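In what follows, every chain begins at residue 1, and chains take the letters A, B, ... in the order their sequences are listed. Just the heavy atoms: all of them, side chains too, but no hydrogens, waters or symmetry mates, feed the values below. Being a predicted model, the structure only gives us computed values, none of them experimental.
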Protein chains: 2
Amino acid sequence: MDRPKYLQIKQSILEDIADKEPNTPIASEREISSLLGASRMTVRKAIEELCGDGVLYRDGNKGTFVADEKMHKNTKPIILDDVSDQSTFKILYFDIKSDGEEDVLKNLEMTHSEYFLRLVRLVKTQGKPICVEEIFVPRKNISDEQLGQLSKFLDLDHLIATVRTKQIFVPILVPTQYATLLKLKIGTPIIRIDNLLYEQNGEPHIFIKSYYNPTLKVIEIST
Amino acid sequence: MDRPKYLQIKQSILEDIADKEPNTPIASEREISSLLGASRMTVRKAIEELCGDGVLYRDGNKGTFVADEKMHKNTKPIILDDVSDQSTFKILYFDIKSDGEEDVLKNLEMTHSEYFLRLVRLVKTQGKPICVEEIFVPRKNISDEQLGQLSKFLDLDHLIATVRTKQIFVPILVPTQYATLLKLKIGTPIIRIDNLLYEQNGEPHIFIKSYYNPTLKVIEIST
DNA sequence: CAGTGGTCTAGACCACTTG
DNA sequence: AAGTGGTCTAGACCACTGA
């Protein structure tokens with residue numbers, strides 16, 4: 001089982017409804033299941049997740065329909081999801097040290113002597129420099145194995161789904177060391193988003209400072 | 001089938017963990033299923049909903065644990081609510097005209113010839129200048145009566161609860177005409193939030209540009 | 001009436017973690 | 001090796017909607 005079948009089914013459904021109008025019915029669970037050679041429970045799982053994603057909606061015993069994406073409630077963390085979607089990452093800097101900046105230590109509830117991973121990377125989407133991310137992780141939150149598989153560890157997609165987040169929006173002038181990377185002039189006002197991701201047990205897990213290029217990435221929230 | 005069995009299982013689990021500390025493991029799916037005489041899939045459904053509710057969390061193949069409920073934070077909308085909470089408003093400017101700025105017209109889906117209300121006000125909380133709001137409302141969205149009761153009309157609290165919103169975060173330098181009002185130096189980077197409030201039928205109702213004083217108002221979102 | 005989603009079962013294999 | 005959650009199957013019965 002390479003990719004779970006229900007994820008393949010999700011994708012298949014997404015492709016099916018790509019050009020459909022809102023409120024169009026999709027095929028029934030039984031149809032899809034025989035069409036794709038999967039059991040109905042598996043198809044249900046796929047559809048249920050799509051409902052959770054706001055892509056589809058159920059209507060009683062009438063059927064399942066394409067949702068109006070304009071109505072999407074965005075209770076999810078704002079930016080991080082679609083950044084890590086179709087983006088490439090270039091690591092600019094990477095080390096493990098102690099005694100970091102005050103705000104980092106405070107957010108991660110660390111002492112000056114504790115070690116942490118610091119990684120800076122440039123995020124590009126379609127070749128455009130969307131943002132620079134400074135990522136801070138307490139060393140104790142990373143296994144040795146994960147350290148060798150950092151790119152996997154830093155694929156935040158799977159985290160985002162389950163994790164609680166706090167995001168603070170900070171207006172700043174683009175840091176000089178990132179201006180060229182983001183193709184911005186010195187002195188350009190930008191928004192830095194400080195993302196704190198928590199474990200389910202309530203402890204801070206990862207702290208990320210994201211420096212967004214405002215001309216390439218509109219920061220937007222809908223309810 | 002009176003009450004679905006998985007709901008009964010949810011309740012049973014909730015009772016079980018009522019007095020348990022966060023991060024305590026619960027019984028395994030197989031245990032619960034034989035204990036309560038249900039199939040494992042049914043138990044899974046119950047547990048998965050409890051995870052979705054934030055009551056439990058999974059940890060890899062180790063087990064399922066009681067979550068830290070302190071992490072249940074406000075999934076509430078945005079900034080506007082607590083602004084209009086204990087704030088005072090001072091109207092700085094107010095007129096009705098046509099032919100506004102492009103972005104305003106576009107957001108409100110108006111033509112150049114349509115009239116709209118434009119109102120600028122300073123928002124203070126505990127005497128501190130939190131933000132300047134530029135409010136735009138198509139004239140056709142305001143009755144003559146409301147026009148005489150503008151303060152009531154602009155008490156956005158009631159609106160916010162029921163209305164759908166879109167917010168865009170724009171990094172700018174504080175506009176010179178607002179710098180003094182917000183007690184900021186010329187050239188200070190700030191965040192402007194463009195708020196578009198929609199009617200229930202999906203049409204844009206009010207457009208508000210909020211210029212926040214970043215030293216007095218931290219813009220923060222939790223999930 | 002035939003079709004839909006909602007629920008449920010009793011198995012199964014897998015990858016992973018832990019003693 | 002034993003236990004865990006993750007996935008999956010091939011059936012089943014129910015309540016409900018619509019023609």
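Taking atom CZ on B:Arg44 and atom C1' on C:dA12, their separation rounds to 14 Å, with Å as the unit. Distance B:Leu36 CG to C:dT7 C1': 16 Å, rounded to the nearest Å. The CD1-P distance, from A:Ile26 to C:dT4, rounds to 11 Å in whole Å. The separation between B:Arg3 atom CZ and C:dC8 atom C1' is 16 Å, rounded to whole Å. The separation between B:Glu29 atom CD and C:dC8 atom P is 16 Å, rounded to whole Å. Between the P atom of C:dC8 and the CE atom of B:Met41 lies a distance of 12 Å, rounded to the nearest Å. Rounded to an integer number of Å, the gap from NZ of B:Lys10 to P of C:dG6 is 15 Å. In this structure, the OH atom of A:Tyr6 is 12 Å from the C1' atom of D:dC8, given to the nearest Å.
Paired runs in DNA chain C that reach 3 or more consecutive Watson-Crick or G-U pairs, where each pair keeps both distances under 3.5 Å, cover C:3-18 with D:1-16.
Note: B:Phe169 and A:Phe169 have parallel aromatic rings, judged against thresholds of 30 and 60 degrees for the angle between ring planes.
Between A:Asp103 and A:Lys106 no salt bridge is recorded (no basic side-chain N to carboxylate O distance below 4.0 Å). For the pair A:Glu101 and A:Lys209, the salt-bridge criterion is met [side-chain N within less than 4.0 Å of a carboxylate O]. Between B:Asp194 and B:Lys166 there is no salt bridge, since no side-chain N of the basic residue sits under 4.0 Å from a carboxylate O of the acidic one. Between A:Glu133 and A:Arg192 there is no salt bridge, since no side-chain N of the basic residue sits under 4.0 Å from a carboxylate O of the acidic one.
Within the 4.0 Å cut-off from OP1 or OP2 of C:dT9, at least one side-chain nitrogen or oxygen of B:Lys5 is found. Side-chain nitrogen and oxygen atoms of A:Ser39 include none within less than 4.0 Å of the OP1 or OP2 phosphate oxygen of D:dA10. Between A:Arg40 and D:dT9 there is no side-chain N or O to OP1 or OP2 distance below 4.0 Å. Considering only side-chain N and O atoms, A:Thr64 lies under 4.0 angstrom from the phosphate OP1 or OP2 of C:dG5. Side-chain N/O atoms of A:Lys62 include none lying less than 4.0 angstrom from OP1 or OP2 on D:dC16. Proximity of A:Thr42 to the phosphate of D:dT9: a side-chain N or O atom is located under 4.0 Å from OP1 or OP2. Distances shown here put a side-chain N or O of B:Arg58 below 4.0 Å from the OP1 or OP2 atom of D:dG6. Taking only side-chain nitrogens and oxygens, B:Lys45 comes nearer than 4.0 Å to OP1 or OP2 of C:dT7.
Checked by distance alone, B:Arg30 brings a side-chain donor or acceptor within 3.5 Å of a matching partner on the base of D:dG5.
Between B:Ile47 and the choices B:Ile9, B:Thr42, B:Ile13, the side-chain contact (heavy atoms from CB on, under 4.5 Å) rule is met once, by B:Ile13. Applying side-chain hydrogen bond (donor to acceptor under 3.5 Å, both in side chains) to B:Lys10 and the options B:Glu48, B:Glu15, B:Glu49 leaves one that passes, B:Glu49.
The 12-atom threshold is not exceeded at NZ of A:Lys183, counting heavy atoms of other residues, nucleotides or ligands nearer than 6.0 Å.
Between A:Gly37 and A:Asn61, the one whose closest nucleotide on DNA chain D sits nearer the 5' end is A:Gly37.
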